[in-house]
Amino acid sequence: MSDEPDLVSLLYRADWTRLSLTAEVSTSLDLDLFHGQAEDEAPPGPPRWRPFGEPREPRPTGNEWEVATELQGIQSGRSTLLIAPGRRYREQSESFLSGCDGDRSWHAVRDDGGWTVDETGGPEPPLGELLRPSWMLSGYTLEPGERVTMGGRDALRAVATPRPGIWPRPMARRPLDRVEAVVDLELGILLRQEEFLDGRTLRVAELTDILIDPAPAADDVWCRPPGGWDSVDDSVPQATPNGPGWEVAKLAAGLAAGGIGALVRSSRFRPFEQATQEEAEAEMPQDLEPWPPDAPPVSDTVLHLLHASRGRWAPGITATMHQWHDIAAMLARIPDSARRTGFGGLGFLLDAAGERIATLHTVSRLSLGGSGQYVIEPVPAPGLGQPGQDRPGRHQPGTIVCDGERRWRIGDREVTAGPAGPPPRETANLFDTSWLLEHPLTGGAEIMAGGRRGYRVKVGPGDQPWSWFIFPGEVVVDAELSILLRWISFAGSQPVMRYELRDVMTGPLEPGEFQPDIPPGVHVVEEPNVPPGPVNPASVIARQAAKEARSAVRNFLGLIRGDDAR
């Protein structure tokens, strides 16, 4: 029997919240290489991608252009890290401090002999690229190397190479060439990582002088901001999951997921009440068994299934996707404080829509190839049909077709065309499931779903609360293909969103399947080509949340009134 360590399990099961250690941290960053990329989207790679000691949201200085055009060289830094169980830590250097008291994180920079402190949200790991190494499992191919000893600790060298996504998409930054890491064989954390870009070292981060289980501090003052929480600068609202903006963002994400506005518009041929009551499956299935309070972590079998998800259904797959959205329950979750914040009159729309909207059930046919090709076609109710049957008027309004190079969005009056891009995020996440490895997973009991054998898994949000979709609380992973046969999202304990894949079939698809069937007389227009530019992620989320929520609720209200929502 081989005694080689299981790298997938080792990286996934590393748990920074249980660590008790001190260490010296050293980093270096090639600023010219780093700032030579567009700043609006982080590249695939480790979390917390920013220069050493730089605040999470740097304040504008007015000389960004000069900084971007000057040679800046290598920035190096050293700090001391102390971690205690319960998500508590403190990282300190001469110019900055950061920490977490178990509930709230903060960051401080030296300013005129004192400290300027900002709250940075909920608990998240310091040096997440080293202490939460599961990021390597969701976007990289791993190649284990030889065993080594580093700082007196047994370790394993590994090389992580970015693997291409199933669906290509434009990237504002170039992906890394590779990441060379040294993995601690006891803790699973990275003792060292070196990132390469364009054949050059972009960044190095390393832990040295590690001491396990140091003497505990007498109190928690060490992990709080200098001067206590009263010293924190709260003049700028933080985009955290605790405020009303977060609730509106979750609502907007749920309403917009899967193109819900477009799917609702496709039901305009029937009154709204009929659309939600006449279908045999209009109500969301309620077949959930309660989770045992002591559900174990998922097995290594499930971890490896998720890690290998990208190639298991190539060269093609077809399925029927059912979606249920309990709109009334989602709207009811928005607190009064969120309604009073304005959002362009959104609160009024929420109140009005919540009185009339029930569960929305939609069905789509999916065809996916292994080279970024896909077709997502809504099925008009009540004739749901099955994949492969003759489909009069194939490619209904609302269909999205992508041949790997071009993508078409088919409407009833015009078709928009542009470069290839991924399908809606929640659809993509059903078929490329390695992203789940960045979140706590428990359970894994075998069940049958959609006529196929799978593993029922409970999903925790982990350290990354922000998402453009309501997060799944439960999934069923296909035991053969590793796709998600079921996805259920909750508001509290109540299911509010459910996806199911049925009629799953694998095998090569005809090339013509991924070409648009554009009805005669329908005008084709090119999507506008908007160049990327710097953005503030928090402001983007807020603007997109308000926009999507207003649009979705407007569609619902128009449908209720009997308007032609075209």
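Between Asp478 and Arg312 the shortest side-chain heavy-atom distance does not fall below 4.5 Å. With contacts defined as side-chain heavy-atom distances shorter than 4.5 Å, the pair Val459/Leu436 qualifies. Counting heavy atoms from C-beta on, the side chains of Pro516 and Val415 never come closer than 4.5 Å. A 4.5 Å side-chain heavy-atom check between Leu368 and Phe431 finds at least one atom pair inside the cut-off. By the 4.5 Å heavy-atom criterion applied to side chains, Ser134 and His439 are not counted as neighbours. Two residues are said to be in side-chain contact when any heavy atoms from C-beta on lie closer than 4.5 Å; Ile488 and Phe490 meet this criterion. Contact check for Pro285 versus Trp324: side-chain heavy atoms found under the 4.5 Å cut-off. Counting heavy atoms from C-beta outward, Asp326 and Gln494 have side chains that approach closer than 4.5 Å.
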**Message:** Determine whether Leu437 and Leu303 satisfy the following criterion, side chain to side chain contact (heavy atoms under 4.5 Å, CB included), listing intermediate values before the conclusion.
**Reply:** CA-CA 7 Å; Leu437 292 170; Leu303 296 181; 3.7 Å; yes

**Message:** Run the salt bridge (Lys or Arg N to Asp or Glu O under 4.0 Å) test on Arg409 and Glu527 for me, step by step, so that the C-alpha distance in whole Å, both residues' side-chain angles and the decisive distance to 0.1 Å come before the verdict.
**Reply:** CA-CA 10 Å; Arg409 302 178 187 272; Glu527 293 180 354; 3.5 Å; yes

**Chi angles and distances behind the side chain to side chain contact (heavy atoms under 4.5 Å, CB included) call for Thr320, Val379** = CA-CA 9 Å; Thr320 302; Val379 177; 5.6 Å; no

**Verdict with reasoning, Val159 to Val179, per side chain to side chain contact (heavy atoms under 4.5 Å, CB included)** = CA-CA 6 Å; Val159 177; Val179 179; over 6 Å; no

**Request:** Decide side chain to side chain contact (heavy atoms under 4.5 Å, CB included) for Val524 and Ile518; before the verdict, give the C-alpha distance in whole Å, the side-chain angles of both, and the deciding distance to 0.1 Å.
**Result:** CA-CA 9 Å; Val524 179; Ile518 301 175; 3.9 Å; yes

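Checking side-chain atoms of Trp313 against main-chain N and O of Ile483 turns up no donor-acceptor pair under 3.5 Å. Between the side chain of Tyr374 and the main chain of Pro422, a donor-acceptor pair closer than 3.5 Å is present. Counting only distance, with no hydrogens or angles, the side chain of Asp403 and the backbone of Phe514 share no donor-acceptor pair below 3.5 Å. Remark: the backbone N or O of Ser482 is paired with a side-chain donor or acceptor of Thr433 at under 3.5 angstrom.
The aromatic rings of Tyr140 and Trp135 sit perpendicular, their planes meeting at an angle over 60°, well past the 30° parallel limit. Note: Trp435 and Phe471 have perpendicular aromatic rings, judged against thresholds of 30 and 60 degrees for the angle between ring planes.
Leu137 and Val8 make their closest contact through CD1-O, 3.7 Å (heavy atoms, listed as atom of the first residue, atom of the second, distance). In terms of heavy atoms, Ile376 sits closest to Ser364 at CG2-CB, 4.3 Å. The shortest heavy-atom contact between Ser367 and Thr318 is OG-CG2, 3.8 Å. In this structure, Glu414 and Thr416 approach most closely via the heavy-atom pair OE2-CG2, 4.1 Å. Annotation for Pro419 and Arg407: closest pair O-CB, 3.7 Å, computed over non-hydrogen atoms. A pairwise comparison of heavy atoms in His361 and His322 identifies NE2-ND1, 3.0 Å as the closest pair.
The CG atom of Asp432 sits 13.0 Å away from atom OG1 of Thr427, with the distance rounded to the nearest 0.5 Å. We find the CZ-CG distance between Arg178 and Leu197 to be 11.0 Å, quoted to the nearest 0.5 Å. Rounded to the nearest 0.5 angstrom, Asn429 CG and Ser434 OG are separated by 9.0 Å. Rounding to the nearest 0.5 angstrom, the gap separating the CD atom in Glu129 from the CZ atom in Arg203 is 4.0 Å. Remark: Trp487 CH2 to Leu501 CG distance equals 11.0 Å, nearest 0.5 Å. Annotation: the span from Arg200 atom CZ to Asp32 atom CG amounts to 7.0 Å, rounded to 0.5 Å.
Partners of Arg498 under the side chain to side chain donor-acceptor pair (under 3.5 Å) rule, at least two apart in sequence or in another chain, are Asp287, Glu500. Glu480 is linked by a side chain to side chain donor-acceptor pair (under 3.5 Å) to Arg452, counting only residues two or more places apart in sequence or in another chain.
In this structure, Glu526 places its CD atom where more than 12 heavy-atom neighbours from other residues, nucleotides or ligands lie under 6.0 Å away.
Between Tyr12 and His307, the distance from one ring center to the other does not fall under 6.0 angstrom.
Partner Leu441 forms a side chain to side chain contact (heavy atoms under 4.5 Å, CB included) with one of Val475, Val477, Leu306 and no other, that one being Leu306.
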